[in-house]
2 protein chains.
Amino acid sequence: MTLPLGERIRAEVEARIVSGELSPGERLPTEAELMAHYACSRMTVNKALSALAAAGLIERRKRAGSFVSRPRVHSMVLDIPDLAEEIAARGQRHQYRLRKREITEGPDSPFGPDRGRVLSLAGVHYANDAAFAVEHRQVDLTAVPDIEFVDFAEQAPGSWLLRHVPWDEAETRIAAEGADAEVASWMMVAPGTATLLVERRTWRGKDSITFVRQHFRGDLYDLVARFGQSGARRS
Amino acid sequence: MTLPLGERIRAEVEARIVSGELSPGERLPTEAELMAHYACSRMTVNKALSALAAAGLIERRKRAGSFVSRPRVHSMVLDIPDLAEEIAARGQRHQYRLRKREITEGPDSPFGPDRGRVLSLAGVHYANDAAFAVEHRQVDLTAVPDIEFVDFAEQAPGSWLLRHVPWDEAETRIAAEGADAEVASWMMVAPGTATLLVERRTWRGKDSITFVRQHFRGDLYDLVARFGQSGARRS
DNA sequence: CGTGCAATAATGTATAGACATTAAATCGAG
DNA sequence: CTCGATTTAATGTCTATACATTATTGCACG
């Protein structure tokens, strides 16, 4: 029950911030003051405050002190898991069907000029036989040569990539878009139906690995993001 | 240039993980080994590994060692800033116009039975005179009594809340939805046009403070989420 | 052949001190 | 009064050490 002193310091300062007792911009006690207050060594205080700083709750400036962070941006953690796993986790049966496969070559590659050959895949994701997402993906074959010989008739390329290619950095764009003719026919909805569009670009070092556009049926799929204080809460 | 030793250890181990040299589930060197390798004290190694653990890249088990984290969830940081600020940051003029205001009372409050009076607001956000978002918001007057007397004819309630009410926890749902009659007429688009729907519920302690539904014009607005390694990178 | 207890190897937390770094504050010369 | 140099108060990093905690391993005993 008695949680470690460092954790306690961190939690108490955090509580004073989120309760509004310390408002944004306000200066909080120096390490020396906290050290006296808790009767502990400076390292302990420092670790607690450093953790709060890493979590973005406070900012620390030498010679000046520590301050409650200013703008309180709504910064949330968005989980975008593997579709196959997510559907399975809901107790539904996931299926992927490939609809198009093409390899292009040339200077007008989406991954930059002269990046070489590019694999383009288009397919549909099903949950219990209902089409709920259409996926267009392009993969840089220079960065991921292995993928050329993988059979995607059944397995989704996202699942394969997630397991075989480590990545560095990713950027996701989320928007709403009316279904175009192709998407509408593959998802069996009327053209113009609202879809949730998720576009993601993934890098490994400087190389862009894959670019994917996923159109989700608006009435069957949504994303949930949470913000519970300082993000990292694992046992 | 010479970054601190602890940072260097952290960065090098991290690099070995994202490069795939250490794959998920694999065990990495013990603190004692790293300590010998870098010729430094254990605290330094410990701090580096603890940071990686806090970032979710590794898991640490006593007696067993440290292991590269398993599932590699696509976990991204999504910034949902204040609309007024965001529009201003793009160099456009932001305006909010209130369209409905109502105070309800009774046991069927959206914030739970017998939470008391609820303020309902509906309005439209404009960027350079173009309507790009419709917002329906409900605020628990028991939790935020001050808001009853604020004039929202021009100022957006979200901006006011962000500045006056600290919050604890929030949950955001993102989906796509066709515009209904009211939304369509307020945004001056055809009914059924794809809109990006952002619903957010905000808590302070156990009290739910506000619930907001924002419909964005799909062609005018999107959200961007980033993932750059371990989240916390602020100077 | 288990089954429980003890040894052990790893991480978790904390201490007291040292020196480095940096930016605010102060002081001095012009 | 202003600018520049100096002081100084705060955080940043690191060390060496100590003890606590815990899950695994292996051994002894029923």
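Proteins get letters first, then strands, A, B, ... in listed order; numbering begins at 1 in each. Only this structure's heavy atoms are used, side chains among them; waters, hydrogens and symmetry mates stay out.
Nearest heavy-atom pair, A:Arg90 versus A:Leu220, reported as atom, atom and distance to 0.1 Å: NH1-O, 4.1 Å.
By the ring-ring contact (aromatic ring centres under 6.0 Å, His included) test, B:His215 pairs with no residue at all, sequence neighbours left out. Every residue was checked against the salt bridge (Lys or Arg N to Asp or Glu O under 4.0 Å) condition with A:Arg201, not counting sequence neighbours, and none meets it. Take B:Arg217 and apply the salt bridge (Lys or Arg N to Asp or Glu O under 4.0 Å) test, not counting sequence neighbours, and it matches B:Asp219.
Across the interface with DNA chain C, nearest-nucleotide mapping of B:Leu28 and A:Ala64 shows B:Leu28 to be the residue nearer the 5′ end. Mapping B:Pro29 and A:Arg63 onto DNA chain C by nearest heavy atom places B:Pro29 closer to the 5' end of the strand.
Note that the first and last nucleotides of DNA chain C, 5' to 3', having any atom under 4.0 angstrom from a heavy atom of chain B are C:dT8 to C:dA14.
Atom CE in A:Met35 sits roughly 15 Å away from atom C1' in D:dA9 (whole-Å rounding). Regarding B:Phe67, its CZ atom lies at a distance of 13 Å from the P atom of D:dA23, rounded to whole Å. For the pair A:Glu59 CD and D:dA10 P, the interatomic distance rounds to 18 Å; values are reported in whole Å.
Checking B:Gln214 against B:Tyr221 by side-chain atom types alone, no donor-acceptor pair falls below 3.5 Å.
The residue B:Arg8 sits apart from the nucleic acid: no heavy atom pair falls under 4.0 Å.
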Protein and nucleotides 12-14 of chain D: nitrogen or oxygen contacts under 3.5 angstrom:
from, atom 1, to, atom 2, distance (Å)
D:dG12, OP2, A:Arg60, NH1, 2.7
D:dG12, N7, A:Arg42, NH2, 2.8
D:dG12, O6, A:Arg42, NH1, 3.3
D:dC14, OP1, B:Leu5, N, 2.3
D:dC14, OP1, B:Gly6, N, 3.2
D:dC14, OP2, B:Gly6, N, 3.1

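Between A:Phe152 and A:Trp160, the ring planes are perpendicular. Angles over 60° get that label, and only those under 30° would be called parallel.
Between A:Glu12 and A:Arg16 there is no salt bridge, since none of the side-chain N atoms of the basic residue sits less than 4.0 Å from a carboxylate O of the acidic one.
Counting only residues at least two apart or on different chains, the side-chain hydrogen bond (donor to acceptor under 3.5 Å, both in side chains) pairs with a member in residues 141-152 of chain B are B:Arg117-B:Glu148, B:Asp140-B:Thr142.
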